[in-house]
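Reviewing the structure listed below.
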Amino acid sequence: MNSIVENLKEIAGSLPEGVKLVAVSKTKPVEAIVEAYEAGQRVFGENRVQELAEKYEVLPKDIEWHMIGHLQTNKVKYMAAFVSLIHGVESLKLLETIDKEGKKHDRVIPCLLQFYIASEETKFGLDMEEAKALLESNDYKQMKNVKIVGVMGMATNTDDEVQVRREFHHLKEIFDELKATYFAENPEFKELSMGMSGDYRIAVEEGSTMVRVGSSIFGARNYANI
Ligand SMILES: *Cc1c(COP(=O)(O)O)cnc(C)c1O
């Protein structure tokens, strides 16, 4: 197995200009993050709020922390002070909570709307109708402490490249439609978060601006340890 630094260099070096690499460090120890940090990586993704907050406490403060996982409203408060981007917003209720917590910290918290694009029951996300209802709601229009800067999605976990490509293509279409309909005057709406270790190359070809790569950098995760 290659070292974290070698993996990171290889992946970062293969991404086109303008595609951001989110190094997904969930379940991995602080030492592994330090290794990546010392090699220049500054953007890390976690999927549990408690783990995110613990790592934030002890690590350098110029790290950009992304919350990439499924998020419960009662956990938002533990990261509202520092989180750089929340990838998984999939309800108005969650967005309201983020707005409220953002206000307490006098921040505008960047968020992505998560869409359901896979053919797997286990994945979370909005469909287009739900997203439109959210974006057209008075509640959303009154929020001042969140900003939606793009969309996020996960493809089906399959070796079928044609299917994965089709799902990413669909997410790009969703992004384009939302951009044209709701964010045409808003240059900050520009992120398309898609692609993980197994499929980020396809995601980049389909227009991803942000890939979330974990095991290809840090090695396989061992969930038995947590
Ligand atoms: C764990 C996770 C990733 C990274 O997965 P790898 O296959 O290890 O690259 C990306 N996105 C989300 C939402 C995740 O939960």
Side-chain angles (χ1 to χ4, degrees), residues 1-15 19-29 32-33 35-36 41 43-53 55 64-72 75-76 79 83-91 94 98 110-126 149-161 163-165 167-168 171 174-175 191-226:
M1 208 182 84
N2 290 332
S3 72
I4 290 173
V5 174
E6 283 168 333
N7 292 338
L8 196 56
K9 292 228 156 103
E10 191 182 313
I11 294 167
S14 77
L15 297 175
V19 178
K20 187 177 250 193
L21 175 59
V22 181
V24 175
S25 47
K26 63 190 187 193
T27 80
K28 297 295 175 182
I33 300 176
E35 249 185 272
Q41 180 67 23
V43 186
F44 293 90
E46 292 281 337
N47 73 335
R48 288 157 174 259
V49 177
Q50 189 182 341
E51 189 176 340
L52 174 65
K55 287 172 173 172
E64 216 183 272
W65 290 104
H66 290 204
M67 176 65 201
I68 63 169
H70 183 62
L71 186 54
Q72 289 167 305
K75 300 280 174 66
V76 173
M79 62 177 188
V83 69
S84 290
L85 180 62
I86 298 176
H87 288 235
V89 174
E90 44 153 13
S91 72
L94 180 56
I98 298 169
C111 296
L112 304 176
L113 293 181
Q114 180 168 0
F115 280 83
Y116 179 79
I117 54 169
S119 62
E120 282 169 355
E121 280 306 315
T122 54
K123 303 235 157 110
F124 297 99
L126 300 160
V149 299
V151 302
M152 177 271 208
M154 290 165 86
T156 304
N157 184 8
T158 170
D159 290 336
D160 183 350
E161 277 202 19
Q163 180 178 355
V164 169
R165 189 176 294 280
E167 291 171 358
F168 285 148
L171 188 59
I174 289 170
F175 171 85
E191 303 297 352
L192 185 47
S193 168
M194 59 184 194
M196 309 176 24
S197 291
D199 57 21
Y200 74 87
R201 292 177 190 82
I202 302 173
V204 166
E205 286 169 12
E206 295 302 325
S208 173
T209 66
M210 202 174 259
V211 294
R212 311 175 308 270
V213 180
S215 43
S216 289
I217 297 172
F218 295 107
R221 286 178 293 275
N222 184 354
Y223 286 100
N225 288 341
I226 57 167

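Counting starts at 1 for both ligands and their atoms, following the listed order. The figures that follow rest on heavy atoms only: side chains count, while hydrogens, waters and symmetry mates do not. Heads up: numbering here begins at 1 and tracks the sequence.
Close approach to G214 involves these atoms of ligand 1, each under 4.0 Å from a residue heavy atom: 4 (C), 6 (P), 8 (O), 9 (O). Set against the non-hydrogen atoms of S197, the atoms of ligand 1 under 4.0 Å away are 6 (P), 7 (O), 8 (O), 9 (O). In summary, the atoms of ligand 1 found under 4.0 Å from a heavy atom of V213, numbered by their order in the structure, are 9 (O). Residue contact check: R212 has heavy atoms under 4.0 Å from atoms 4 (C), 9 (O), 10 (C), 11 (N), 12 (C), 13 (C) of ligand 1.
Distance alone, capped at 3.5 Å, places no donor-acceptor pair between the E35 side chain and the V5 backbone. Remark: the backbone N or O of G214 is not paired with any side-chain donor or acceptor of K26 at under 3.5 angstrom.
Within the structure, the closest approach of R221 to ligand 1 falls below 4.0 Å when heavy atoms are considered.
R201 is linked by a salt bridge (charged side-chain N to carboxylate O under 4.0 Å, His left out) to nothing, counting only residues two or more places apart in sequence or in another chain.
When side chains are defined from C-beta on, M194 does not count as touching E167, because their heavy atoms never get closer than 4.5 Å. No side-chain heavy atom of V49 sits under 4.5 Å from any side-chain heavy atom of V76.
Checking only distances, N47 never comes within under 3.5 Å of ligand 1, N or O to N or O.
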Hey, mind stepping through Y200 and V19 against side chain to side chain contact (heavy atoms under 4.5 Å, CB included) and telling me if it holds?
CA-CA 11 Å; Y200 74 87; V19 178; over 6 Å; no
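Checking M196, M194, K26 against atom 2 (C) of ligand 1, the nearest heavy atom belongs to K26.
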